[in-house]
Protein chains: 2
Amino acid sequence: MLSGKFAITIHILTLLNKFPNDYLSSEYIAGSMNLNPVLVRKEIANLKAHHIVESKEGKNGGTKLAVDSSKLTLKEIFEMTFETIGLGYAKNQPNPDCPVGKKINQNLDALYAEMNQKVSTQLEKISLEDFSNQF
Amino acid sequence: MLSGKFAITIHILTLLNKFPNDYLSSEYIAGSMNLNPVLVRKEIANLKAHHIVESKEGKNGGTKLAVDSSKLTLKEIFEMTFETIGLGYAKNQPNPDCPVGKKINQNLDALYAEMNQKVSTQLEKISLEDFSNQF
DNA sequence: CATACTGTAATAAAATATGTTACAAATGTA
DNA sequence: TACATTTGTAACATATTTTATTACAGTATG
């Protein structure tokens with residue numbers, strides 16, 4: 001399922017990478033993205049669970065990169081944000097008495113799996129540092 | 001933007017390919033997918049606009065493939081359903097005073113364009129006939 | 001001990017996707 | 001001709017998902 005999670009997460013990480021010595025507050029990050037700070041904190045919670053960032057509570061607290069940005073790839077970010085590439089499914093359970101209906105989702109799954117593989121292969125070649133250097 | 005359009009469309013086309021000599025009704029197709037016939041007709045309208053199918057109104061009417069299924073690729077279906085691969089954008093306009101905010105969408109666009117290219121290259125290798133033969 | 005943060009839950013609002021109803025127009029057939 | 005069946009399409013309704021807001025307990029700093 002698609003959403004802005006990947007985009008938000010990569011934006012956060014790019015900012016953190018630009019200020020590697022500071023703890024940035026969610027308020028500050030949200031300001032750069034024009035987004036609600038709570039949403040930023042939610043994505044940061046996810047990054048923390050994956051040990052990509054560390055954060056400090058309390059006054060002057062905030063978040064900071066905890067890994068080497070040249071070693072973190074966009075593929076990992078993609079996976080951490082639970083994203084997958086796909087072109088959807090007919091939402092309803094297709095008719096199991098129809099030979100097409102019975103196997104359609106299975107065949108779409110296989111197709112989407114191949115697509116994910118291709119995309120992953122490509123995202124794996126790009127590090128956070130690479131991405132960040134474009135700015 | 002993602003939705004089930006691609007999945008619905010490919011299901012319709014697979015069915016039409018299985019019965020190349022019949023005009024299938026939207027009611028029948030919808031039955032195989034367990035979906036509302038109006039939604040099927042909407043996707044068919046799109047297929048008609050691209051001259052992939054032809055349909056006949058009135059009694060005993062329905063829809064029928066109008067192209068050679070060995071020549072129609074999944075890439076074309078992908079493009080006809082207006083789908084693109086992407087990992088989203090932070091929905092709000094990012095802050096233009098921030099060097100990251102100012103360029104983030106542009107850089108994401110470039111990344112997604114590459115991803116689309118990879119996926120298209122792969123989908124181009126698969127014809128409707130190939131897909132249909134899996135059933 | 002006041003202040004400025006994080007963390008998180010609960011709720012609300014907005015956007016998007018899906019489903020339904022309705023009906024005019026077309027076409028085959030009794 | 002009259003009837004039944006089907007497409008085409010618009011208008012509306014519902015459901016689902018995303019995004020935003022509010023609220024507040026807990027934690028560190030000075």
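Reminder, nothing fancy here: chain letters follow the sequence lines and each chain counts from 1.
Between the CG atom of B:Leu35 and the C1' atom of C:dG19 there is a distance of 9 Å, rounded to whole Å. Rounded to a whole Å, the CG atom of A:Leu16 is 11 Å from the P atom of C:dT6. Going from atom CG of A:Leu39 over to atom C1' of C:dA15 covers 15 Å, rounded to whole Å. Here the P atom of nucleotide C:dG19 and the NZ atom of B:Lys42 are 10 Å apart, to the nearest Å. Rounded to an integer number of Å, the gap from A:His11 NE2 to D:dT19 C1' is 17 Å. Remark: C1' of C:dT18 and CG of B:Asn34 are 13 Å apart, rounded to the nearest angstrom. Atom CD1 of A:Ile44 and atom P of C:dC5 are 13 Å apart (whole Å). In this structure, the OH atom of A:Tyr28 is 18 Å from the C1' atom of C:dT6, given to the nearest Å.
In this structure, A:Ser26 reaches the sugar-phosphate backbone alone: every heavy-atom distance under 4.0 Å involves primed, P, OP1 or OP2 atoms, never a base.
A salt bridge links B:Glu43 with B:Lys5: at least one charged nitrogen is closer than 4.0 Å to a carboxylate oxygen.
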*How would nucleotides 21-30 of chain C be written as a contact map, 5' to 3', with B for base contact, S for sugar-phosphate-only contact and - for no contact, using protein heavy atoms under 4.0 Å?*
BB---BBBS-
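Here the CD1-CG distance, from A:Ile10 to A:Leu74, works out to 4.5 Å after rounding to the nearest 0.5 Å. One finds the CD1 atom of B:Ile52 at 4.5 Å from the CE atom of B:Met80 (value rounded to the nearest 0.5 Å).
In terms of heavy atoms, A:Thr63 sits closest to A:Ser55 at OG1-CB, 3.3 Å.
With sequence neighbours left out, the salt bridge (Lys or Arg N to Asp or Glu O under 4.0 Å) criterion links B:Asp97 to no other residue.
Residue B:Ser55 places its side chain closer to D:dT7 than to any other of D:dT7, D:dA20, D:dT9.
No side-chain donor-acceptor contact under 3.5 Å links A:Asp130 to the backbone of A:Ile126.
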